[in-house]
Amino acid sequence: MKPRILLLIAFFALTSCKRETKNSPSEAVSVSNLVQYKEENGGIHIKSGNFTYDFKKNQLPFKRIILLNASMAGCISGLNAENLIIGVSNPEYIYSEKIQNLIRQGKIQNLGSEQKYDVEKIISLKPDAIFTNHIASFDNTYQLLKNNGIQVVFLDEYLEQKPLEKTAYIKLFGKLFGKEKEADAKFDEVEKNYSDLKKLALTAKEKPTVLANEMYGDVWYLPGGKTSAANFISDANAEYILKDNTDQKAVTMSFEEVFAKSGKVQYWINAGNHISKKEMLGMNPFYSKLEVFNKGKIYVITGKEKGQANDFFESGVVRADWVLKDYIKIFHPELLPGYQLTYMKELQ
């Protein structure tokens, strides 16, 4: 299966932050249930999933970082901190034009891909820290980097199910980069916008029924009822066909099972990265049996895509408000008459 398809599955299958109370320096700040940080003696203690990290005062703020997954680039760009990046993997998946320019200028190095990182180059760059998702099969590589004095920080933001908790990761980066005020301001802006948009959505006269994702092979991978995608649908005041499901991961169904639930569906969202309904039907002729395919509206997430890079997985991680605004425009177009979709696009 192609890497982009795997990324789509991972996001939507696994796919607010709570407004954080103002903490004194000795209190832990909760970004989400997965990530917390605490100031200690001018340094910072971080807990991320099963991992903990301690950075001393003289190690902060970071000046030289490496990113091994593109989604974290959204937080860096949100803080205008692209100049701190000295290396990335899979640059073809990075949407940011500023980062791409720095790569072309040689200021950011290409460090290979998840199939084969250039470990020697990483070590030679001597970063303050590497940020990546944890992949158990790469543990030997991570250990080699640690043995060479390089701190590898695992942040699995793709596991977050509440949209604003993805956005809140920018606060951790702000703390590590000495840009705490900028990070707080950005988060507060997104959080307020998101709250206002939720209230706007509730004024809609109708609550349409929604189907999400698509089939891969013989299996339809639907977002569970407590995933990020399901939360966006709910916050946009629409009814997801699995709204009563309690899973925070993918729910697998056959076409027949989805067909049985889709009779009242008016909107089909996150339908892969197809370019037309005809092309979609060529991939899976069964779609023609769905009422929503024939009479409803179908949307894909290719509104900001360049080659293999898709800004939905980059700035969309931070701008939960823009993502929600797209869904409200789709489900309740009358509420946002002058708005043009940012990340989504209707299939014709």
| said: Counting the benzene-type ring for Trp, do Tyr93 and Phe313 have ring centres under 6.0 Å apart? | reply: no

| query | Considering residues at least two apart in sequence or located in another chain, which fulfil the salt bridge (Lys or Arg N to Asp or Glu O under 4.0 Å) criterion with Glu97? | reply | Arg104, Lys306

| request: Using a cut-off of 6.0 Å, state whether more than 12 heavy atoms not belonging to Phe138 lie near its atom CZ. | output: yes

| field | Heavy atoms from other residues, nucleotides or ligands near CG of Asp139 exceed 12 (cutoff 6.0 Å) | value | yes

Side-chain atoms of residues 75-83: list all donor-acceptor pairs with protein atoms under 3.5 Å, sequence neighbours left out, distances to 0.1 Å.
| from | atom 1 | to | atom 2 | distance (Å) |
| --- | --- | --- | --- | --- |
| Ser77 | OG | Ala73 | O | 3.1 |
| Ser77 | OG | Glu82 | OE2 | 3.3 |
| Glu82 | OE1 | Lys98 | NZ | 3.4 |

Indicate every side-chain donor-acceptor pair of residues 341-348 with a distance under 3.5 Å to a residue at least two apart or in another chain.
| from | atom 1 | to | atom 2 | distance (Å) |
| --- | --- | --- | --- | --- |
| Thr342 | OG1 | Tyr339 | OH | 2.8 |
| Tyr343 | OH | Ser315 | OG | 2.7 |
| Tyr343 | OH | Gly316 | N | 3.4 |
| Glu346 | OE2 | Lys297 | NZ | 3.3 |

| Sub-6.0 Å ring centroid separation between Phe232 and Trp322 | no

| query | Among side-chain atoms of Asn147 and Gln143, is any donor-acceptor pair under 3.5 angstrom? | reply | yes

| query | Where does the angle between the aromatic ring planes of Tyr267 and Phe331 fall among parallel (under 30°), tilted (30 to 60°) and perpendicular (over 60°)? | reply | perpendicular

| query | Pick one: which of Lys181, Lys175, Glu182 meets side-chain contact (heavy atoms from CB on, under 4.5 Å) with Lys179? | reply | Glu182

| query | Which residues satisfy the salt bridge (Lys or Arg N to Asp or Glu O under 4.0 Å) test with Asp311, sequence neighbours excluded? | reply | Lys304

| query | Under the salt bridge (Lys or Arg N to Asp or Glu O under 4.0 Å) rule, what pairs show up with a residue in residues 217-227, not counting sequence neighbours? | reply | none

| said: Taking side-chain contact (heavy atoms from CB on, under 4.5 Å) as the criterion, tell me which of Val88, Asn90, Leu125 meets it with Leu111. | reply: Leu125

| query | Above 12 or not: heavy atoms from other molecules or residues under 6.0 Å from CD of Glu206? | reply | no

| field | Cation-aromatic face contact Lys47/Tyr37, 6.0 Å, 45 degrees | value | no

| request: Using a strict 4.0 Å threshold on nitrogen-to-oxygen distance, state whether Lys198 and Asp235 make a salt bridge. | output: yes

| query | Are the charged groups of Asp196 and Lys192 less than 4.0 angstrom apart, N to O? | reply | yes

| said: Looking only at side-chain N and O atoms, does Ser71 offer a donor or acceptor that is under 3.5 Å from a partner on Glu157? | reply: yes

| When rounded to the nearest 0.5 angstrom, what is the spacing between CZ in Phe173 and CG in Leu84? | 11.0 Å

| query | Is the shortest side-chain N to carboxylate O distance from Lys171 to Asp184 below 4.0 Å? | reply | yes

List, one per line, each side-chain donor-acceptor pair under 3.5 Å for residues 49-57, sequence neighbours excluded.
| from | atom 1 | to | atom 2 | distance (Å) |
| --- | --- | --- | --- | --- |
| Tyr53 | OH | Phe154 | N | 2.9 |
| Asp54 | OD1 | His45 | ND1 | 2.8 |
| Asp54 | OD2 | His45 | ND1 | 3.4 |

